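The next block holds one structure in the form of structure tokens; read it before the comments.
Every number for a ligand or one of its atoms is a count from 1 in the order of the listing. Here the structure is a predicted model, which is why all the values come from computation and not from measurement.
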Amino acid sequence: MTMALHDLLVLGRGSDLESERGVSCTGELPAASDPTLVERAKKARAFLGNRALVLGHHYQRDEVIAFADVTGDSFKLAQTAASSPTAEFIIFCGVHFMAESADILTSTAQKVILPDLAAGCSMADMATANQVDECWKVLESLGIAQATIPVTYMNSSAAIKSFTGKNGGTICTSSNAKRAMTWALEQGEKILFLPDQHLGRNTAVLSLGLSLEDCVLWNPWKPMGGLTEQEILNAKVILWRGHCSVHGRFSIDSVNEIRERIPGVKVLVHPECQYEVVSAADVVGSTEMIIKTIEAAPAGSKWAIGTELNLVSRLAKKHTDKTIVFLDKTVCYCSTMNRIDLPHLVWILESLANNHLANQIQVPEDVAKYSKLALERMLALP
Ligand code: 13P
Ligand code: SF4
């Protein structure tokens, strides 16, 4: 063991290192141009062996996915974290809310690590704990909080998940939103859906058969959410005014344009896309479901995919017997997912191999308690 550790230190020193690059690297981050990065990552990964589990969300870069022990959508990765009690270090190659959820679902002996702490999610930032508390107070003052069940998308902070658990609600992901909302309507009369208006609306209307009029949009920047008392009282689903800027780019024009340009093309989109886009698509699903759909598609079929570009490019490279194109004309990565690159992964793996724990994601116990309840409700959904 000492030999291997020494080898790693030597390998680290021998390469071109920069110090203090990026907000999250308190140590040294290797240069992206270092030609030994892959070799270094392999060596450190092998040294850590079963002590580490590397989880990779489907939006990660190829260079990172190459080192993932498990790849998945946010539901599968949460499930994997929850069912891996022997991994001492869970290196989460994804974004902050995913790592927080993994920390909540694992034991205190396990350490969850996010290779770049700046890998956040702009949608998750669109609902703050104070804003949600204010909204809830309005529902209480109208006498409807008791009958309202919060359903919170995984893409949210641990504080919002905690609010959800405390108030009888559940977490959902893009792969189980229908089940979560169905469950919620069995528990109460209304849903407060946080923070992605599109997933909430698409699921309520296109999967559950509610009408657009059953949904109202709560604007956290306006008094009473910008709604009248009557609108709130009449609503079946109160949608939070949050969205994903990556999926928000796809428009109905993109769908029409691609159908014209590629006759016979099938449009496959993530449910974070706008209602008009999802309504016009042929297939809708989580990132894992998008992959499975393409895997099962016949050779020669044509697909325009509306989701993050790393995933679409990987599918196009892998399935050369099918035509796979990005739904939008302009390229668009999720900039925060993209922050995790090979230099960050090498830095984290080598830090751990050298007994230095960096970038641990730790949810405070009082927040974790109720967030865990909400996450467990999701994992137990029928
Ligand atoms: P999935 O759960 O489908 O992987 O989606 C996560 C996400 O952040 C999509 O933008
Ligand atoms: Fe968040 Fe959108 Fe990136 Fe998903 S794609 S992590 S929702 S910003």
query: Below 4.0 Å from any atom of ligand 1, is there a heavy atom belonging to Glu288?
result: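 Not so, Glu288 does not reach ligand 1.
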query: Going by heavy atoms, is His270 under 4.0 Å from ligand 1?
result: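 Yes; His270 lies near enough to ligand 1 that a heavy-atom distance drops under 4.0 Å.
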Assess whether a salt bridge exists between [X] and [Y], defined as any Lys/Arg side-chain N lying under 4.0 Å from an Asp/Glu carboxylate O.
X      : Y      : answer
Lys318 : Asp62  : no
Lys329 : Asp253 : no
Glu288 : Lys292 : yes

query: Which protein N, O or S atoms does atom 2 (Fe) of ligand 2 have within a distance shorter than 2.8 Å?
result: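 The answer is Cys244 SG.
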query: Among Ser74, Gly94, Cys334, whose heavy atom sits nearest atom 2 (O) of ligand 1?
result: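 Answer by nearest heavy atom: Ser74.
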query: What residue among Val283, Asp282, Ile262 forms side-chain contact (heavy atoms from CB on, under 4.5 Å) with Val267?
result: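 Going through Val283, Asp282, Ile262 one by one, the side-chain contact (heavy atoms from CB on, under 4.5 Å) with Val267 is satisfied by Asp282 alone.
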field: Option from Leu352, Ile348, Leu53 for which side-chain contact (heavy atoms from CB on, under 4.5 Å) with Phe89 holds
entry: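 It is Leu352, the one option of Leu352, Ile348, Leu53 that forms the side-chain contact (heavy atoms from CB on, under 4.5 Å) with Phe89.
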Around [atom], find the nearest protein heavy atom and jot down its residue, atom name and distance.
atom                   : result
atom 6 (C) of ligand 1 : His57 NE2, 3.6 Å
atom 7 (C) of ligand 1 : Glu272 OE2, 3.6 Å
atom 8 (O) of ligand 1 : Asn155 ND2, 3.1 Å

At less than 4.0 angstrom from any non-hydrogen atom of [X], what atoms of ligand 1 do you find?
X      : value
Ser174 : 1 (P), 2 (O), 3 (O)
Ser286 : 3 (O)
Tyr59  : 7 (C), 9 (C), 10 (O)
Asp73  : 1 (P), 2 (O), 3 (O), 4 (O)

task: Report the part of His247 in contact with ligand 1, treating N, CA, C, O as backbone and CB onward as side chain, heavy atoms under 4.0 Å; options are side chain, backbone, both, neither.
output: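 It is the side chain that touches ligand 1; the backbone stays farther off.
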- prompt: To the nearest 0.5 Å, what is the distance between CZ (Phe193) and CD1 (Ile238)?
  reply: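 That separation rounds to 13.0 Å.
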- request: Consider only side-chain N and O atoms of Ser335 and Asn338, and report whether a donor and an acceptor are under 3.5 Å apart.
  value: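 No, Asn338 and Ser335 have no side-chain donor paired with an acceptor closer than 3.5 Å.
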query: With no hydrogens and no angle check, do the side chains of Gln230 and Asn234 hold a donor and an acceptor under 3.5 Å apart?
result: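 A donor-acceptor contact under 3.5 Å links the two side chains.
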field: Test ring pair (Phe, Tyr, Trp, His ring centres under 6.0 Å) applied to Trp136 and Trp240, Trp218, Phe163, the passing residue
entry: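 Of Trp240, Trp218, Phe163, ring pair (Phe, Tyr, Trp, His ring centres under 6.0 Å) with Trp136 is met by Phe163 alone.
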message: Looking at every heavy atom in both Leu239 and Arg201, which two are closest together, and how far apart are they?
response: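 Distance-wise, the nearest heavy atoms are CD2-N, 3.6 Å.
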- prompt: Where do Phe250 and Phe326 land on the ring-ring contact (aromatic ring centres under 6.0 Å, His included) test, with the steps shown first?
  reply: CA-CA 10 Å; Phe250 304 112; Phe326 191 57; 5.5 Å; yes
